[in-house]
Every structure is written in structure tokens, then in C-alpha cells.
Protein chains: 2
Amino acid sequence: MPKQNTVFKDAYNRCLRLLVVGESLPSEPELCSLLGVSRTTVRSILSQMVEAGLIEWNKRSKSVQRLPVKTDYFPEHETSSLSDVIERTFMKRILMGGAEPGMQINELELAREIGVGTTSVREFLIRFSRFGLIEKRPNSHWVLKGFTRQFAEELIDVREMFELKSAAAFAALPTDDPAWAELEALRRAHVEVLADIDSRYLEFSELDDRLHRLIQQASDNRFIIDFYDIIAIVFHYHYQWNKANARERNGKAILEHLDYIEALKTRRPEAVEAACRLHLSSARLSLMQSLATAA
Amino acid sequence: MPKQNTVFKDAYNRCLRLLVVGESLPSEPELCSLLGVSRTTVRSILSQMVEAGLIEWNKRSKSVQRLPVKTDYFPEHETSSLSDVIERTFMKRILMGGAEPGMQINELELAREIGVGTTSVREFLIRFSRFGLIEKRPNSHWVLKGFTRQFAEELIDVREMFELKSAAAFAALPTDDPAWAELEALRRAHVEVLADIDSRYLEFSELDDRLHRLIQQASDNRFIIDFYDIIAIVFHYHYQWNKANARERNGKAILEHLDYIEALKTRRPEAVEAACRLHLSSARLSLMQSLATAA
DNA sequence: GGGCTGCACATTATCGACAAAGAACACAGA
DNA sequence: TCTGTGTTCTTTGTCGATAATGTGCAGCCC
């Protein structure tokens with residue numbers, strides 16, 4: 001079966017949330033930009049909604065008949081794209097299960113295990129190879145290089161170089177650059193989470209991602225910005241399955257972030273560099289420690 | 001037709017050069033490592049050579065009957081792997097022909113134009129996307145970002161960061177590290193080419209590649225080492241089609257390389273950094289100038 | 001015993017096919 | 001005249017199939 005219709009299902013679910021009894025849905029082009037899909041998909045959604053008795057659809061009028069109930073939604077696991085499924089499965093395997101460096105990776109086996117075609121797995125592996133965790137032997141298998149201490153060191157070394165450069169560029173941004181407003185919004189978000197840290201410490205990951213991406217953006221360099229994808233995916237999956245000391249670790253990191261943000265706001269290069277170094281070396285330490293306990 | 005047998009043809013051609021009348025070819029495993037292919041392929045080659053009357057093959061004896069003539073070789077264009085063909089065609093298109101940034105790239109069209117299946121083109125584009133010259137819009141086309149001045153600036157900025165770090169690491173290598181011997185060999189190669197610069201200036205590209213890769217290697221960081229692939233491919237194709245002032249440019253660069261090598265040999269960080277900066281900014285200038293004339 | 005050959009089998013690279021998703025265009029309604 | 005709809009066509013994402021290529025094992029020869 002070519003292509004699961006995950007785009008359709010996901011958009012359908014999101015569209016269900018837009019329904020308000022008595023009102024009419026907006027025009028097709030408007031729904032397109034709202035849902036981020038093409039008109040073809042929007043029209044499929046509308047047809048399906050008619051069939052489910054959710055709306056009546058006649059040309060421009062799409063009047064809502066009833067509110068959706070739980071069973072109207074597609075199950076969540078059917079809404080994630082194939083590559084996401086492959087990524088999750090694969091990351092689970094190499095970050096959790098026995099993932100000795102040097103192990104061979106078999107496209108066919110992986111495909112069978114996940115229940116997808118080989119092409120999808122292949123393309124995933126090619127895309128994933130840029131993260132430096134696997135390597136291709138042409139006409140032969142892939143080799144797992146493993147999420148080792150060595151890997152983490154290399155990753156973080158480059159990260160430090162890039163982030164120092166980006167942070168300096170950020171501090172030099174003109175005062176009216178929108179990034180400053182975003183930075184302030186992020187600062188507030190940090191303060192909010194911090195105020196209720198015991199129950200909200202898990203939200204740190206998202207703050208972390210947003211802050212660092214905002215800073216990298218200032219470098220105006222696609223290689224630096226793209227590199228952050230590697231950091232993000234590694235940290236994301238690693239901490240997703242290693243929650244030891246998460247509360248303490250995240251609380252500390254939020255404080256560092258606040259210092260970092262303050263330093264950026266001063267726009268003084270030395271202050272920025274100092275705060276940046278401090279935070280990064282602390283992040284390095286956390287990662288290394290959690291690697292040590294994992295191994 | 002799945003898989004052109006380019007591995008076989010290329011290895012066959014290379015094997016032809018090993019034939020010496022009166023002697024016997026080495027054992028199958030030995031040929032494998034000599035040609036860098038599997039035993040299956042080696043055996044196919046041997047069978048084919050028997051058929052062509054080039055050798056007689058009986059178990060361990062593979063006695064050479066006659067020397068190969070021109071017609072024994074497979075034509076060269078049949079020996080390059082599909083991905084190489086796609087890469088060349090594609091690079092030609094975006095570095096030479098009209099390659100306005102923002103242009104859409106069409107997998108199907110590209111595949112038809114090159115005469116290959118869509119899968120191969122797709123996989124190439126995915127692999128190639130890490131070079132930052134194209135970007136994917138999921139469920140839609142690829143966007144060409146173009147080999148612009150902006151791109152070149154970003155590329156070279158990162159290159160400088162990395163190379164400075166690698167050069168420093170190189171200077172700190174223990175005296176008995178094999179890299180020092182390689183460096184000396186490279187220095188001699190530079191001197192040789194320089195002595196006959198008027199007729200051999202085109203060999204500079206290869207020297208350049210070898211020297212910089214050797215230096216990056218010292219960083220012991222896969223991200224730095226892998227990044228050099230981007231530099232290499234961009235410089236390779238760009239200068240392949242922009243040979244203006246090549247003699248002069250390469251002559252100057254060789255001299256810079258020699259200075260750089262000398263500086264490394266002193267192992268003094270300041271000397272290394274100075275020579276490195278000098279060479280890199282000169283390389284940046286050349287690239288920018290040739291971009292200006294091209295545009 | 002250690003390396004080589006013969007053979008059977010596993011895996012990769014590539015293709016064409018097809019449903020899902022996107023894009024183009026002419027017409028209709030405000 | 002402009003925005004929305006109906007329709008048609010193109011392109012992408014995914015699959016299974018198949019030749020090329022690689023890999024493992026049992027026996028053979030020095």
C-alpha cells in the first residue's frame with residue numbers, strides 16, 4: 001500500500017477541533033493555511049465530515065451539525081508519518097537496547113521489524129547518517145557507531161564553538177530586531193515554569209530547544225543552524241529515556257538560562273561569553289554524567 | 001533493470017591492468033582486497049576473463065594467456081556508479097546552467113532527464129541536502145537555495161572555525177604520530193609540482209584535498225572531518241568549471257601551503273594560526289572573486 | 001592447520017507501479 | 001474584479017520485485 005494517508009488523518013483530527021455548532025467552516029483556501037495542507041486534502045476532510053454527519057456541505061456553506069465525539073478522531077498512532085515512526089523505533093533501539101558500537105544494521109531486518117518497506121528505512125538511514133551515529137559501507141551494511149562518550153564529546157565540542165559564535169552575533173543584533181522581543185517572551189516563560197518547577201520541570205526541554213534555536217538563528221549561518229538539529233535530536237531522545245535527577249537538573253538549567261538571557265540583554269561580549277560557557281559546560285557535565293550511569 | 005553492474009565492470013577494468021603474460025593471478029581472496037570487491041565479483045571477473053581468452057582458470061591456477069587490448073576494457077562511462085552520474089549531472093546543472101535560487105527541483109523530471117529511476121534521484125537529493133544547497137518541502141518539491149555569495153560566506157566561516165581548531169590540534173600531535181610523516185610526504189609533493197608548475201598546476205586540487213583532510217583528521221572530531229566533504233565537493237565542482245586564472249591562483253596557493261606546512265612543523269601555535277588564517281583568507285578571496293565573475 | 005575454492009544464501013541497489021497529496025486552471029458567484 | 005469552487009493533472013511517498021553484489025559454511029589442497 002503506497003502512502004498511508006497520515007497527512008489526511010492528522011489534519012482531519014485537527015480540523016475536528018475547529019468545529020463550533022451553528023457556525024460554518026471557513027473557505028477552503030482558508031482551511032488550507034489553517035491546517036497547513038493542500039486543498040485536495042481539505043476537500044477530502046470535508047467529504048469525510050459530511051459522511052460522518054458532522055457538517056452539511058454545499059458549495060460555500062459548510063454548516064456544523066454536531067460536535068465531534070471521541071470516536072470521530074482517528075487514533076493517534078495512525079497520524080504520525082512513517083519517517084517519524086521509523087525514527088522513534090530506531091532511536092529507541094540504539095539509545096536504549098543493546099547498542100554496541102560496531103554492530104551491523106540491516107535494512108531488511110529493520111524494515112520487517114517495523115513493518116514498512118525497505119525504501120522508507122533506507123531513506124531514513126541516509127537522512128539519519130548526517131548525525132554521525134551510523135556509517136554506510138556501500139553495497140553492504142550500515143555500521144552503528146554508537147552513542148558513546150566519544151560521540152558526546154565531539155558533539156559538544158562543536159556545539160560550544162557554534163554557540164559562542166551565535167551568542168556573540170546575538171548580542172550584536174540591532175536593538176529593534178524581533179529576536180529581542182522573542183528573547184523577552186522566552187525569559188517570561190522561564191520564570192513561569194520556574195515558579196512551579198516541581199510540577200512543570202518537564203517543560204524545560206521545550207524551553208531549552210526554543211532558546212538555543214533562537215540564539216543559533218542569530219548566526220545567520222545555515223550550517224550552524226542545521227547543526228542544532230543534531231544536538232536537539234540527541235538531547236531529546238536521550239533525556240526522554242533518562243529522567244534520573246531530571247527535576248534537579250532542569251531547575252539548575254533554568255537558572256543558568258535566566259543568567260544567560262540577562263547576559264545577552266546587557267549586550268556586553270564578555271558577559272555573554274562567560275554566561276554561555278558556564279551553561280554549556282554545565283550541560284556537558286550533565287550529559288556525561290547521565291551517560292556514565294547509563295553505561 | 002535493477003543495478004547496473006558497474007562494480008563488476010570497474011573492477012574488471014582494473015583487473016585487466018594486473019595481467020602479466022606468463023604469470024598467474026593471485027588467489028581469489030587476494031584479488032578481493034586488491035580490487036576492493038567481494039569474492040562473488042572476483043569470480044565473475046575471472047569467468048569473464050576466461051570467456052575473453054585472457055586467462056585459463058582451473059582452481060588455483062589462473063594463468064595469463066594474452067595481454068588485454070583496448071577493446072577488452074569496458075567503456076569508461078559504464079563504470080561509474082549511478083549516484084556518481086546523478087551527482088555530476090546535478091552539480092553541472094546547479095553550478096553552471098541557470099540555477100536561480102528559489103527554483104524548484106522536480107524529482108521526476110530530474111530522473112527522466114538523467115534516465116534513471118526516481119528512487120535513485122530521491123536518495124541522492126536526500127544525501128545531498130546536507131550540503132545546504134537544497135531544502136525539502138515535505139510532500140512537495142525541493143527548493144534550490146543556490147550557490148550564492150551568501151552560501152559561500154557561510155561555508156567559509158565555518159571552515160575557518162574548524163580548520164583553526166584542527167590546525168592547533170595537529171601542531172599538538174605527538175612527535176611520533178604518523179601524520180608528521182604524511183605531512184612531509186605532502187610537502188615533497190608540493191615542491192615537485194611547484195617545480196613544474198606551468199604544466200602541472202592542475203594537480204593542485206588533489207594536493208589541496210589531501211593536505212586539508214590530513215589536518216582535519218587531527219581534530220579527531222567526526223563533525224569537523226565530515227564537514228570537509230562539503231568544502232571538497234563545492235571547491236571540486238566549482239573550480240572544475242571555472243578555470244580562469246587557475247595557473248596563477250594555484251601557484252600562489254602552493255606557496256601558501258608550503259608556508260602553512262612549515263608553520264605546522266614548528267609546532268608553535270601562533271605561527272600555525274597565522275599561516276592558517278593567511279591561507280584561508282586567500283582561499284576565501286579567490287572563491288569570492290570567481291563567484292563575482294561567474295555571476 | 002591454515003588458507004583456498006565451490007556453493008548456497010542474504011542483502012543491497014534499482015526499477016516500475018500506484019494511492020496520497022499537491023498544483024494549475026477555468027468557471028462561478030459575490 | 002476578486003475570491004472560492006469544481007475539475008483535472010502532476011508529483012511525491014511507499015511498496016514489492018529482481019539482478020548485482022556481498023557473506024557464510026563445508027570440504028579440499030598444500
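Excluded from the calculations below are hydrogen atoms, water molecules and symmetry mates; all remaining heavy atoms, backbone and side chain alike, are included. Chain letters run A, B, ... following the sequence lines, proteins first, then strands; residues in each count from 1. All values derive from a computational prediction rather than experimental measurement.
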Chemist: Nearest-Å distance, CG (B:Leu110) to C1' (D:dT11)?
Modeler: 13 Å

Chemist: So what does A:Thr119 touch, heavy atoms closer than 4.0 Å: a base, only the sugar-phosphate, or nothing?
Modeler: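 Base: the residue A:Thr119, judged by heavy atoms under 4.0 Å, touches a nucleobase.
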
Chemist: Please compare B:Ser140 and A:Ser140 by the position of their nearest nucleotide in DNA chain C and report the one closer to 5'.
Modeler: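 So the residue in question is A:Ser140.
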
Chemist: Does any N or O in the side chain of B:Thr79 come within less than 3.5 Å of the main-chain N or O of B:Pro75, such that one atom is a donor and the other an acceptor?
Modeler: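 No, because the side chain of B:Thr79 does not come within donor-acceptor range (under 3.5 Å) of the backbone of B:Pro75.
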
Chemist: What is the distance, to the nearest angstrom, from the CG atom on B:Leu125 to the P atom on D:dT11?
Modeler: 15 Å

Chemist: Tell me: CG of B:Asn139 to C1' of D:dT12, nearest whole Å?
Modeler: 7 Å

Chemist: Whole Å only: how far is the CD atom of A:Glu107 from the P atom of D:dG22?
Modeler: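 Going from CD in A:Glu107 over to P in D:dG22 covers 14 Å.
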
Chemist: With a non-hydrogen cut-off below 4.0 angstrom, is B:Thr6 in contact with a base, only sugar-phosphate, or nothing?
Modeler: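 If one applies the 4.0 Å heavy-atom cut-off, B:Thr6 turns out to touch the sugar-phosphate alone, with no base involved.
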
Chemist: Under 4.0 Å between a side-chain N/O of A:Asn5 and OP1 or OP2 of D:dG13, yes or no?
Modeler: no

Chemist: Return yes if the base of C:dT12 and the side-chain atoms of B:Lys3 contain a donor-acceptor N/O pair under 3.5 Å, otherwise no.
Modeler: yes

Chemist: Pick out which of A:Arg122, A:Lys136, A:Arg127 makes a salt bridge (Lys or Arg N to Asp or Glu O under 4.0 Å) with B:Glu123.
Modeler: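 Filter result, single survivor: A:Arg122.
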
Chemist: Please report, rounded to the nearest Å, how far the P atom of D:dG13 is from the CG atom of B:Leu108.
Modeler: 12 Å

Chemist: Separation of B:Glu78 atom CD from D:dA20 atom P, in whole Å?
Modeler: 13 Å

Chemist: Could you check whether A:Lys9 gets within reach of a base, just the sugar-phosphate, or nothing at all, counting any heavy atom under 4.0 Å?
Modeler: nothing

Chemist: Does a side chain donor of either A:Ser81 or A:Ser83 reach within less than 3.5 Å of an acceptor in the other side chain?
Modeler: yes

Chemist: D:dT5, D:dT18, C:dT5: which one has an atom nearest the side-chain heavy atoms of A:Arg60?
Modeler: D:dT5

Chemist: Rounded to whole angstrom units, what separation is found between the CD atom of A:Glu30 and the C1' atom of D:dT5?
Modeler: 15 Å

Chemist: Looking at residues 34-46 of chain B, who's got a heavy atom less than 4.0 Å off DNA chain D?
Modeler: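 Listed by number, they are B:Val37, B:Ser38, B:Arg39, B:Thr40, B:Thr41.
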
Chemist: Looking at B:Phe223, B:Phe162, B:Phe227, B:Phe131, which hits ring-ring contact (aromatic ring centres under 6.0 Å, His included) with A:Phe223?
Modeler: B:Phe227

Chemist: For residues B:Glu87 and B:Thr89, is any side-chain donor paired with an opposing acceptor at under 3.5 Å?
Modeler: no

Chemist: By the salt bridge (charged side-chain N to carboxylate O under 4.0 Å, His left out) test, which pairs, at least two apart or in different chains, include something from residues 24-46 of chain B?
Modeler: B:Glu28-B:Arg39, B:Glu28-B:Arg43

Chemist: Mapping B:Asn58 and B:Gln104 onto DNA chain C by nearest heavy atom, which one lands closer to the 5' end?
Modeler: B:Asn58

Chemist: Does A:Ser120 have a side-chain nitrogen or oxygen under 4.0 Å from the phosphate oxygens OP1 or OP2 of D:dC15?
Modeler: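 Affirmative; the distance criterion is met.
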
Chemist: Atom CD of A:Gln4 to atom P of C:dA19: distance rounded to whole Å?
Modeler: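 Spelled out: CD on A:Gln4 to P on C:dA19 is 14 Å.
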
Chemist: So, OP1 or OP2 of C:dC4: does either fall under 4.0 Å of a side-chain N or O from B:Lys62?
Modeler: no

Chemist: Is the phosphate of C:dG3 approached by B:Lys59 (side-chain N or O, under 4.0 Å from OP1 or OP2)?
Modeler: no

Chemist: Quick one: sort the B:Phe90 and B:Phe124 rings into parallel, tilted or perpendicular, breaks at 30° and 60°.
Modeler: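 Ring orientation of B:Phe90 relative to B:Phe124: perpendicular.
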
Chemist: Take B:Glu109 and A:Glu28, find for each the nucleotide of DNA chain D with the closest heavy atom, and name the residue whose nucleotide sits nearer the 5' end.
Modeler: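 Whichever sits nearer the 5' end wins; that is A:Glu28.
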
Chemist: So with a 6.0 Å cut-off around CD of A:Gln240, is the heavy-atom count from everything else above 12?
Modeler: yes

Chemist: Describe the nucleic acid contact of B:Arg112 in one word from base, sugar-phosphate, nothing, applying a heavy-atom distance below 4.0 Å.
Modeler: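 Sugar-phosphate, no base atom in range.
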
